[in-house]
**Student:** 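This is the structure, below, for whatever I ask next.
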2 protein chains.
Amino acid sequence: MSSALPPFPKPEESISEPQLLEVRSFGDEPCLRADAARNRAKLLEAAARLIAEHGVAGVTMEAVATAAEVGKGTVFRRFGDRTGLLMALLDHSAKTLQADFMGGPPPLGPGAPPVERLRAFGVAVLYRSAEQLDLQLAAQPDPARRFSHTALRALHTHVTMLLRQILPDADCELLSQPLMAYLDPALINHLTRQCGMPMERLEAGWIDLVARLTATPPPC
Amino acid sequence: MSSALPPFPKPEESISEPQLLEVRSFGDEPCLRADAARNRAKLLEAAARLIAEHGVAGVTMEAVATAAEVGKGTVFRRFGDRTGLLMALLDHSAKTLQADFMGGPPPLGPGAPPVERLRAFGVAVLYRSAEQLDLQLAAQPDPARRFSHTALRALHTHVTMLLRQILPDADCELLSQPLMAYLDPALINHLTRQCGMPMERLEAGWIDLVARLTATPPPC
DNA sequence: TTACGATCCGGACCGAGGTCCGTTTAAAGT
DNA sequence: ACTTTAAACGGACCTCGGTCCGGATCGTAA
């Protein structure tokens, strides 16, 4: 009902290069103004430093701004909100993973049979999330947007695609949801830290899950 | 490292009766002091009224306190935090559902074969969540506690138990996670409101998911 | 009835996320 | 070089969740 034209036009969906300030002129992205790009880099670097020193909890928007010698408004203009900043920090790793399963070597990338790719995908995501668990957890948006976020959508799309190759007649759009859910950082956190399960068990669980879901003729 | 003895002893795990102030003396729960019980009822009633009038977003801790003619501290003492208050609002419905599948009539309750119970369970949860979607969404705790909450644990335990009856040799503890995840209010919200899927499709998806996961011999 | 201790109450207080808007500045046009 | 304009900047400001603690209240035992 009330949609005033935003004072902060668009906080950038999610751009890569967490460390360098190199102006990415190729491609199609808006290409920030020189000062903006510089500040962006300073902010990401400051945020990373704060995490290293005080953990994710120490990453306060104001603290980041101060550490980067920049105004608070600048942080919000650039990243939209705290989630956006945290996601940007994860962006490099996300892009790498994405490149790996889009065009990388076989177990993950194209060339292997779909089921095998799916298995490899899950294991890769599992361990990647386990590393950056705290950050992944903190970067999780509120429930209403958990599934809207670009990075997640990309993974979801990929799983759906693989599934469609394996089960052409199933509702893969839906079937991919439980698979993705199994890889949710919040779940990994719960199972490993709160229930004390070892990663090997989670990994085996994934393999089992894939096997059960992709068994071609549903029941008998 | 820093665990001072809490000024608010324990905000009550989750007690029922959202509307009446009747003192529940039987059972084992602490049984609040008269004034405390009265305020608790006033608070829940005020919160419900605020939701009806301004939606979940209108449920500010201060607004609730004011509407209930009570101090802000009282709200926090009683419910711990906003999530606790919202959960308390959902508690009645949660207890009802739980009673239904613990001791109710067959499709849901004991008596029917486990697979059938599982199917019925999913459908029931699906539609129940769809009704109170906004509230369910808002009541969702932060990612680190999503899986620790009592109400969810109860559902999860039940699913695990049913699964164990169906697949005695599988890692049901893990296998139940994707099932529960499919019923996550945040997912239902995404699929119905953001993707525009009808509930019938979600329901069919659940039936299909159960069928695939419980097909006894994994692959061939 | 009185006295006492445990519990509860209230609202000032704090920190953090997010917004606003007057000012500054990069960069494209003349 | 000079003007212009869209974009960026900064930090005061607002809201809201959550904490604290002095003082009021309940329930009980004498």
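Numbers restart at 1 for each chain; the letters A, B, ... are given by sequence-line order, proteins then strands.
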**Student:** Measure from CZ on A:Phe76 to C1' on C:dC21 and round the result to the nearest Å.
**Tutor:**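 Going from A:Phe76 (CZ) to C:dC21 (C1'), I get 16 Å.
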**Student:** OP1 or OP2 of D:dA8 sitting under 4.0 Å from any side-chain N/O of A:Asn39?
**Tutor:**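 No, because none of the side-chain N or O atoms of A:Asn39 sits under 4.0 Å from OP1 or OP2 of D:dA8.
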**Student:** Is there a donor on the side chain of A:Arg33 or the base of D:dA7 sitting less than 3.5 Å from an acceptor on the other?
**Tutor:**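 Result: at least one qualifying N/O pair found.
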**Student:** State which residues pass ring-ring contact (aromatic ring centres under 6.0 Å, His included) with A:Phe101; sequence neighbours excluded, sorted by chain then number.
**Tutor:**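 Counting only residues at least two positions away or on another chain, A:Phe101 forms a ring-ring contact (aromatic ring centres under 6.0 Å, His included) with A:Phe121, A:His158.
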**Student:** Looking at D:dC16, C:dC9, C:dG17, which one has an atom nearest to any side-chain atom of B:Thr60?
**Tutor:**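 My answer, after comparing the listed nucleotides, is D:dC16.
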**Student:** Within the structure, does a side-chain N or O atom of A:Arg40 lie under 4.0 Å from either OP1 or OP2 of D:dA8?
**Tutor:**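 So the side chain of A:Arg40 is outside the cut-off, no N or O lying under 4.0 Å from OP1 or OP2 of D:dA8.
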**Student:** Taking atom CE of B:Met180 and atom CG of B:Asp184, what is their separation to the nearest 0.5 Å?
**Tutor:**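 Here the rounded value is 8.5 Å.
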**Student:** As a test of reading the structure: which of C:dG17, C:dA6, D:dA8 is closest to the side chain of A:Ala36, going by heavy atoms?
**Tutor:**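 The answer is D:dA8.
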**Student:** Once rounded to the nearest 0.5 Å, what's the spacing between atom CG of B:Leu97 and atom CG of B:Leu155?
**Tutor:**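 It is 6.0 Å, given to the nearest 0.5 Å.
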**Student:** Which listed nucleotide (D:dC26, C:dT19, C:dA26) is nearest to the side chain of B:Asp35?
**Tutor:**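 Per side-chain heavy atoms of B:Asp35, the pick is D:dC26.
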**Student:** Kindly point out which of D:dA12, D:dC9, C:dC9 is positioned nearest to the side chain of A:Lys72?
**Tutor:**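 Between D:dA12, D:dC9, C:dC9, the one nearest the side chain of A:Lys72 would be D:dA12.
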**Student:** Does a sphere of radius 6.0 Å around CE in B:Met199 hold more than 12 heavy atoms from other residues, nucleotides or ligands, not counting ones at 6.0 Å or beyond?
**Tutor:**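 Yes, enclosed.
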**Student:** Please figure out whether B:Gly71 or A:Arg82 has its closest DNA chain C nucleotide nearer the 5' end.
**Tutor:**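 Whichever sits nearer the 5' end wins; that is B:Gly71.
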**Student:** Return yes if the base of C:dT7 and the side-chain atoms of B:Arg77 contain a donor-acceptor N/O pair under 3.5 Å, otherwise no.
**Tutor:**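 For B:Arg77, whose side chain was compared with the base of C:dT7, there is no donor-acceptor pair (under 3.5 Å).
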